[in-house]
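Written below as structure tokens is the structure these notes are about.
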Protein chains: 2
Amino acid sequence: MLNSYSSADKVLLAVDCIIFGFDHEGLKILLIKRDFEPEKGKWSLIGGFLKRDEVLDNAAIRILNTYTGLNDIYMEQLYAYSEIDRDPVERTISVSYYALINIENHNAELIKNYHAQWFSIAEAPHLIFDHNEMVQNAIKRLRYRTSIKPIGFELLPEKFTMRQLLELYEAILSKELDKRNFISKINSLEILNKLEEKDMQSSRKGSYLYTFNKEKYEEKLLNDFVLNL
Amino acid sequence: MLNSYSSADKVLLAVDCIIFGFDHEGLKILLIKRDFEPEKGKWSLIGGFLKRDEVLDNAAIRILNTYTGLNDIYMEQLYAYSEIDRDPVERTISVSYYALINIENHNAELIKNYHAQWFSIAEAPHLIFDHNEMVQNAIKRLRYRTSIKPIGFELLPEKFTMRQLLELYEAILSKELDKRNFISKINSLEILNKLEEKDMQSSRKGSYLYTFNKEKYEEKLLNDFVLNL
DNA sequence: AAATTAAGTGTAAAAACAACATTAATAAGT
DNA sequence: ACTTATTAATGTTGTTTTTACACTTAATTT
């Protein structure tokens with residue numbers, strides 16, 4: 001019985017994570033100052049190497065945890081980048097993953113201890129290797145995702161206002177949306193619970209708070225829909 | 001200067017190609033009888049290993065050519081599969097690619113000499129490893145692609161009838177489409193040239209032949225649209 | 001001449017979408 | 001206490017898009 005494909009070349013396989021967050025300032029990504037050569041000290045996506053006995057999905061989870069302390073983040077695979085010299089040290093193919101997380105829930109302190117930092121999408125620094133390209137592709141995918149799956153559960157605080165949800169969508173799509181049309185389209189998805197409670201921060205009148213209806217939200221995650229905003 | 005990431009594990013990286021074709025019988029995929037162990041003699045996607053100095057896209061092209069003689073086929077990357085034991089011989093991560101080709105143009109003889117064979121999607125045999133899963137995901141992607149890019153140039157003969165185009169879409173989407181609505185939606189894309197010439201095979205009256213308007217078609221390939229069929 | 005076959009063509013009703021402005025609730029200021 | 005300022009909440013209408021649907025035409029075969 002065969003136990004190796006002896007003639008084939010082996011390569012390093014890396015994983016890079018594009019972590020999106022959202023707060024009152026807008027859409028952000030989480031970056032780290034690279035702590036090893038080459039390009040040590042430059043800004044980079046959160047990345048690392050796949051281990052021999054590890055599935056890519058798990059490598060992404062492990063690597064994210066190593067550099068940020070973040071746990072239980074569901075990431076989705078995007079694309080494998082394989083340009084010969086993308087990493088100048090050694091031939092490395094990198095598989096990108098992306099996720100959406102809530103900045104506030106995920107403890108800024110923790111992230112900071114690990115030297116990770118949030119950057120507004122627009123103001124993010126130049127990144128090493130082909131990481132800027134990875135980010136651009138991830139944004140594209142995130143926009144597409146927005147049109148077929150609900151979004152926000154991972155990004156907003158538990159209770160949020162319609163305005164916050166609207167601003168999230170506007171940030172992702174980077175375009176203005178009509179408030180009234182937005183509300184009726186979102187409502188037609190039936191994934192929100194309107195609370196009695198109001199948020200009094202934002203205005204004198206106060207605005208109603210909402211939560212996601214977890215069951216319906218997850219059902220919509222499985223069964224794609226079409227949402228034109 | 002660093003010249004290796006010495007502690008990281010290297011793995012085999014494979015590429016598997018899902019080649020879709022279309023003829024009067026419907027949508028098909030191209031498979032080969034595997035010519036090496038393990039699973040020698042079983043049906044498989046067209047696959048092989050990435051070489052050290054090769055980009056994934058090129059590996060896909062080379063591998064497809066090796067097993068089928070096919071040339072100049074544009075393939076698109078889909079997904080990296082990394083289950084630990086997906087290949088029982090040795091840890092192998094496989095990146096899937098897919099393409100659409102015209103069965104008739106691409107010489108059945110040639111393919112046959114290489115022991116590749118077309119199978120109707122519905123009647124395809126059980127495949128080795130996780131190849132069936134790869135095919136399912138590719139079909140899903142193909143359906144999505146259909147809604148944002150024109151399709152058919154790669155799959156149909158140069159001159160074709162509206163019915164053939166309709167049947168192609170029906171095969172990909174696996175649902176019936178309304179003939180009149182289909183025609184007006186396709187016409188609104190303005191990618192077809194209607195010829196004077198008629199095809200007299202299919203009916204007594206004969207049906208007009210069309211060609212794709214290459215410039216417009218390629219423009220639409222770049223600038224996605226929305227097509228609801 | 002009649003029958004058969006697939007091709008070709010248009011309309012009307014329903015649904016979805018886009019654009020738009022006023023009133024309501026409350027806190028702050030006088 | 002009244003006025004002012006601020007943001008929230010809400011619904012309608014015209015337009016566009018989508019869907020559903022059936023008859024006539026051209027040519028061959030019988």
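In the text below, chain A, chain B and the rest are named by the order of the sequence lines, each starting its count at 1. Below, all heavy atoms of this structure are taken into account, side chains as well, without hydrogens, waters or symmetry copies.
The nearest whole Å value for the distance from the CD atom in B:Q201 to the P atom in D:dT28 is 13 Å. Look at OH on B:Y208: it is 15 Å from P on D:dT25, rounded to the nearest Å.
Test A:D57, A:L64, A:I18 against A:M75 for side chain to side chain contact (heavy atoms under 4.5 Å, CB included) and you get one pass: A:L64.
No donor-acceptor pair under 3.5 Å is formed between the side chain of B:S120 and the backbone N or O of B:A122. Between the side chain of B:R86 and the backbone N or O of B:I93 there is no donor-acceptor pair closer than 3.5 Å.
Sorted by residue number, the members of residues 164-200 of chain A with any non-hydrogen atom under 4.0 Å from DNA chain D read A:K179, A:R180, A:K194.
Salt bridge annotation for A:K149-A:E154: absent, with no cationic side-chain nitrogen under 4.0 angstrom from a carboxylate oxygen. For the pair A:K159 and A:E197, the salt-bridge criterion is met [side-chain N within less than 4.0 Å of a carboxylate O].
With D:dT7, C:dC17, C:dG8 as the choices, the nucleotide that has an atom nearest any side-chain atom of A:N228 turns out to be C:dC17.
The base of D:dA8 is paired with the side chain of A:K205 by a donor and an acceptor separated by under 3.5 Å. Below the 3.5 angstrom threshold, one finds a donor paired with an acceptor across the side chain of B:R204 and the base of C:dT4.
Heavy-atom minimum distance, A:A171 versus A:F22: CB-CE1, 3.8 Å.
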